[in-house]
Amino acid sequence: MNDSQKNPEKKQPLTTCLFSAAFFGALGSSFLYGYNLSVVNAPASYIKDFYNKTWMERYEEPIPPETSTLLWSVTVSIFAIGGLLGTLSVSSIIKVAGRKGTLLLNNCFAVTAALLLSLGEISRSFEMLIIGRIVMGVNSGISLSVLPMYLGEISPKHIRGSIGQFNSILICLGVFTGQVLGLPELLGQESRWNYLFSFLAFPAVLQLCVLPFLPESPRYLLMEKKDEAGAERAFQKFLGKTDVSQELEEVHAEARAQDNLNTVSVLQLLRSPAVRWQLFTIVITMACYQLCGLNAIWYYTNGILREAGFAEHLLPYVTLSTGATETLAAIFSGLVIERIGRRPLLIFGFSSMAVFFSLLTIFLNFQDSFSWMPYLSYICILAVIAGFCSGPGGIPFILTGELFEQSYRPAAFMIAGIVNWLSNFAVGLLFPFIQEKLQSFAFLVFVVVCTLGSIYLCAVLPETKNKTFMDISQSFAKINKMPEPSPGQEMELVLSIKPENEKAADVTKTESF
């Protein structure tokens, strides 16, 4: 297709319908995930006191220190277990409810979790807090699999990356919101900490009010439900135009190119040689997403700020700079992803993290030698966060939707989610032991992960910017040792999606004969 044919699509404006689907879809999904990553930090001491008081009321003796530590560890880490359970349930739910329907049903978990977490103190039940955290984890596990799938399928290819980055932007905004609401002047007080969890219901209710009026994924409607009329209406609303015949033909061409139109299982995906390297790429990218060290860096942030001379009462406000940096970097990535591409942003993100983790290791070891050294350490922390959110923070979810055709996509997101949550759990479980053994040199482990991830992506990952799902799949044909389409097959696919004005001309010529 020549440039003159591409230009109309590139100039096509972002519609209100598409923006609303991306924003409100992410608000009730990704935002809640990010919020739950930071919301337990501010009230941690109050929650521990609540556990101790409840234990005293029940057993008339102070809670043993090891039991207190165990209860708190379970409260924090069980969120990841819930996420894994949610990921494992996605494939079953999505077959029945579809993409949009699954997002709507998922709000039930958010509202239930909000009730359990906010009423736990009143009910004098720390079990309600633990159950609420696992239910919230289920919500996040489902949303982090379904939302990127939905956003990828409703977006035109020329802005698919930017729309997909709503997932990352709202995660970062959720983290930042949790930090702001946790300030002592707001809800970070002993008498108000349960309201931090009540807030979870607000984004969920907003999504429930808006998303029912927006269309389902047109690709899901056409390829899985065989509802061409519904798919046409969905394309018209998302794209803001009446003639969507080219988009429909593109989906039809993708369907004709697939060997199997039925949704495949995880086992079938693992056995399929046609997507072997796509699967390797997603597993490695998603593992690096969690193992690159961003979660672990929060262990050092407050200590470095104290060493830099910041007063204890100022730490919550200075820490806001980390959340603000996350959000700004994610927005920047969303603005430039269609110009720069996925591959360069990912490689740059992991490479820059490796560089700044190395510098952070050096600065931490000279922390006591120079009074200004802690400030350099803090700058490195901000740089690591910015490097992560500029690419690795959101693009792995976009790639999971782009590297697989329709029939493979649900199983691919399930595998990506399993890797994501298991890696998340592994970091939370193992990093304290690594930190104890290696001290400040613990960050060198993440230097290795980020470097190896960059090398793999540089060697294997093709650029997916402005490509159809079928084009991306064909770009892996050689490395998967699969036969590429013959020139005749390629011509047939090109002709099947040629512009409507050319089709009309062909019809006119036929009628003239």
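Sequential numbering from 1 along the given sequence is applied to the chain's residues.
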Would you mind reporting whether L279 and L269 have side-chain heavy atoms less than 4.5 Å apart?
yes

Counting only heavy atoms from other residues, nucleotides and ligands, does the tally under 6.0 Å from NZ of K237 exceed 12?
no

List the residues meeting side chain to side chain contact (heavy atoms under 4.5 Å, CB included) with T177, not counting sequence neighbours, and say none if there are none.
F31, Y35, L173, L181, F199

Quick one: closest heavy-atom pair of L151 and A21, and the distance?
CD2-O, 4.3 Å

I'd like to check the side chain to side chain donor-acceptor pair (under 3.5 Å) partners of S125; sequence neighbours left out, ordered by chain and number.
E127

When you look at CZ of F202, are more than 12 heavy atoms from neighbouring residues, nucleotides or ligands closer to it than 6.0 Å?
no

Around atom CZ of F109, are there more than 12 heavy atoms of other residues, nucleotides or ligands at under 6.0 Å?
no

Is a donor on one side and an acceptor on the other found under 3.5 Å between the side chain of S321 and the backbone of V318?
yes

Contacts of type side chain to side chain donor-acceptor pair (under 3.5 Å), residue R342, not counting sequence neighbours:
E338, E402, T464

Side chains of V175 and T327, heavy atoms from C-beta outward: is any pair under 4.5 Å?
no

Could you tell me which residues satisfy salt bridge (charged side-chain N to carboxylate O under 4.0 Å, His left out) with E463, sequence neighbours excluded, listed by chain and number?
none

Is there side-chain contact between Y51 and S68, with at least one heavy-atom pair below 4.5 Å?
no

Hey, are the side chains of T322 and F176 touching, using non-hydrogen atoms and a 4.5 Å cut-off?
no

Looking only at atom types and distance, does a side-chain atom of N424 sit under 3.5 Å from a main-chain N or O of N420, one as donor and one as acceptor?
no

Given the options S143, S29, S30, N167 meets side chain to side chain donor-acceptor pair (under 3.5 Å) only with S30

Could you tell me whether the side chains of S454 and S351 share a donor-acceptor contact shorter than 3.5 Å?
yes

Any chance you could lay out the side-chain contact (heavy atoms from CB on, under 4.5 Å) test for R133 and S77, step after step, and finish with the verdict?
CA-CA 9 Å; R133 285 284 289 175; S77 62; over 6 Å; no

Side-chain contact, heavy-atom cut-off 4.5 Å: V266 with L270?
yes

Contact summary for F350 and C292, nearest pair of heavy atoms
CE2-CB, 4.0 Å

From CA spacing to verdict: side-chain contact (heavy atoms from CB on, under 4.5 Å), L214, L211:
CA-CA 5 Å; L214 301 174; L211 207 59; 3.9 Å; yes

With sequence neighbours excluded, tell me which residues meet ring-ring contact (aromatic ring centres under 6.0 Å, His included) with Y289.
F388, F397

Rounded distance [0.5 Å steps], OG1 in T112 versus CG in N139
9.5 Å

Applying side chain to side chain contact (heavy atoms under 4.5 Å, CB included) to L267 and not counting sequence neighbours gives S265, R271

Is any side-chain heavy atom of W55 closer than 4.5 Å to one of T67?
yes

Of all the heavy-atom pairs spanning S145 and V90, show the shortest one and how long it is.
CB-CG2, 3.8 Å

Could you pull out all residues at least two apart from Y195 that satisfy ring-ring contact (aromatic ring centres under 6.0 Å, His included)?
none

Can we call the ring centroids of F166 and F19 under 6.0 Å apart?
yes

Within 45° of the ring axis of F469 and under 6.0 Å from its six-membered ring centre, is that where the NZ or CZ of R409 lies?
yes

Interatomic distance, H158 atom NE2 to N466 atom CG [nearest 0.5 angstrom]
8.0 Å

Enter the distance from K100:NZ to S217:OG here, rounded to the nearest 0.5 Å.
11.0 Å

Residues which pass side chain to side chain contact (heavy atoms under 4.5 Å, CB included) with I282, listed by chain and number, not counting sequence neighbours
L399, T400, L403, F404, A416

Report yes if the side chains of R99 and E216 come closer than 4.5 Å at any heavy-atom pair, otherwise no.
yes

With rounding to the nearest 0.5 angstrom, report the CD to CG distance, E326 to L382.
10.5 Å

Shortest non-hydrogen contact from Q290 toward V427
O-CG2, 3.5 Å

Using the rule given for side-chain contact (heavy atoms from CB on, under 4.5 Å), can you reason through L461 versus T285, listing the C-alpha separation, both sets of side-chain angles and the distance that settles it, and then say yes or no?
CA-CA 10 Å; L461 181 66; T285 306; over 6 Å; no

Euclidean distance, S155 OG relative to R160 CZ, rounded to 0.5 Å:
8.0 Å

In terms of the angle between their ring planes, are F50 and W193 parallel, tilted or perpendicular, with boundaries placed at 30° and 60°?
tilted

Other residues, nucleotides and ligands only: do more than 12 of their heavy atoms fall within 6.0 Å of CZ on F332?
no

Ring centroid separation W72 to F126 under 6.0 Å:
no

Please name the pair of heavy atoms, one in S390 and one in S333, separated by the smallest distance, quoted to 0.1 Å.
O-OG, 2.8 Å

The criterion is side chain to side chain contact (heavy atoms under 4.5 Å, CB included); which residues satisfy it with S92, sequence neighbours excluded?
none

Are more than 12 heavy atoms from other residues, nucleotides or ligands located less than 6.0 Å from atom NZ of K53?
no

Drop me the distance from M128's CE to E121's CD, to the nearest 0.5 angstrom.
11.5 Å

Partners passing salt bridge (charged side-chain N to carboxylate O under 4.0 Å, His left out) against E66 (at least two apart in sequence or in another chain):
none

Tell me every residue that passes side chain to side chain donor-acceptor pair (under 3.5 Å) with T102, counting only those two or more places apart in sequence or in another chain.
none

Please identify each residue that fulfils side chain to side chain donor-acceptor pair (under 3.5 Å) with T451, with sequence neighbours left out.
none

Closest heavy-atom pair, A97 versus Y220, reported as atoms and distance to 0.1 Å, is C-OH, 4.4 Å

Heavy-atom distance under 4.5 Å between the side chains of L117 and N194, does that happen here?
no

For Y317 and Q179, test the side chains for any donor-to-acceptor distance below 3.5 angstrom and give the result as yes or no.
no

Before you tell me yes or no, could you show the steps for N106 and V146 under side-chain contact (heavy atoms from CB on, under 4.5 Å), namely the whole-Å CA-CA distance, both residues' side-chain angles and the distance that decides it to 0.1 Å?
CA-CA 10 Å; N106 198 31; V146 179; over 6 Å; no

